[in-house]
Amino acid sequence: MIKVAPSILSADFAHLANEVRRIEDAGAEYVHIDVMDGTFVPNITLGSPVVKSLRPCSNAVFDVHLMIEHPETQLVAFAEAGADIITFHIEAVRHAHRLVQEIKTLGCKAGIALNPATPLVMLEELLGDIDMVLIMTVNPGFSGQKFIPSMLEKIALLRHTIEENDFSLKIEVDGGINEETASLVREAGADILVAGSAIYGANNIENAIRKIRG
Ligand code: DX5
Ligand code: ZN
């Protein structure tokens, strides 16, 4: 069963609580929360206080995507704010295994994200320990970018590795997802589809979510 994770990066930040309710009412299971620090990626978005304020407004899974340097300094804050899944970038850390352990100890699910240029092999020793791999299909930092088709191979390779080894982790895909690219990534083996502009930019959000789910 494919899950849809609308990214609030494309929402109206002046009305975030309503924007989160809107996607939940329209059938989304996850709320994808893009945290950017202006260093790991050029943009700055929001921090744990915003997540804490949104938590009482929603029962959806809070899927926090940390696009920040030193994610180890923020794990407690985001867990206490109500994150369900905390995903950090492998490119931003030295001790990925330690972070995975810490996230789990805090009672959250642990995900690791890969930039388009980062090969799957970087996670080889960790696949048995993590709950999710986030495969970026654009370079992180902005919504509304074009899907990078060569990432389909990475998704398919991860799907194959999961089946071969009987791993229980989920594949999340993020960047440039719309009706067309959603069908490609579903076919390649993705479980959770993130979409920002294709959902919040749609006239009918319910329809947009349904089409991405396929
Ligand atoms: C990009 C973010 C994405 C972004 C996706 O750096 O991680 O979650 O919001 O936006 P779209 O779906 O518009 O590419
Ligand atoms: Zn994201």
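Counting from 1, the numbers follow the sequence of the chain as shown. Counting starts at 1 for both ligands and their atoms, following the listed order.
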(request) Heavy-atom distances under 4.0 Å are what count here, so tell me which part of Ser7 touches ligand 1: side chain, backbone, both or neither. (result) side chain
(request) Just say parallel, tilted or perpendicular for the rings of His89 and Phe40, cut-offs at 30° and 60°. (result) tilted
Can you measure from [atom1] ([X]) to [atom2] ([Y]) and round to the nearest 0.5 angstrom?
X	Y	atom1	atom2	result
Ile90	Leu114	CD1	CG	7.5 Å
Phe78	Thr73	CZ	OG1	9.0 Å
Gln101	Arg98	CD	CZ	8.5 Å
Lys104	Leu99	NZ	CG	12.5 Å

Give the atom numbers and elements of ligand 1 that come within less than 4.0 Å of a heavy atom of [X].
X	value
Val194	8 (O)
Met67	6 (O), 7 (O)
Met36	6 (O)
Ser197	11 (P), 12 (O), 13 (O)
Gly175	14 (O)
Ala195	12 (O)
Asp34	2 (C), 3 (C), 4 (C), 7 (O), 8 (O), 9 (O)
Ser143	9 (O), 10 (O), 13 (O)

Tell me which protein heavy atom sits closest to [atom], plus the residue, atom name and distance to 0.1 Å.
atom	value
atom 1 (C) of ligand 1	Phe142 O, 3.5 Å
atom 3 (C) of ligand 1	Asp174 OD1, 2.9 Å
atom 12 (O) of ligand 1	Gly196 N, 2.7 Å
atom 6 (O) of ligand 1	Gly141 N, 2.7 Å

[Y]/[X] salt bridge by N-O under 4.0 Å criterion:
X	Y	answer
Arg159	Glu163	yes
Arg213	Glu179	no
Arg21	Glu24	no

(message) Whether the His32 and Asp34 side chains hold a donor-acceptor pair (N or O, under 3.5 Å, no angle test) is what I'd like checked.
(response) yes
(message) Under 3.5 Å, is there a donor on one side chain and an acceptor on the other for Thr181 and Asn178?
(response) yes
In [X], what N, O or S atom is nearest to the Zn ion (ligand 2), if we give its atom name?
X	answer
His65	ND1
Asp174	OD2
Asp34	OD1

(request) May I ask you to check if ligand 1 and Asn139 share an N or O to N or O distance below 3.5 Å? (result) no
(request) Before signing off on this row, confirm whether His65 and ligand 1 have an N or O atom pair separated by under 3.5 Å. (result) yes
(request) Please confirm whether Gly176 comes under 4.0 Å of ligand 1, counting heavy atoms of the residue only. (result) yes
(message) Please identify which of these residues, Leu134, Ile192, Asp191, Leu193, meets the side chain to side chain contact (heavy atoms under 4.5 Å, CB included) condition with Ile171.
(response) Asp191
(message) Keeping Gln145 on the side-chain end and Asn139 on the backbone end, is there a donor-acceptor pair under 3.5 Å?
(response) yes
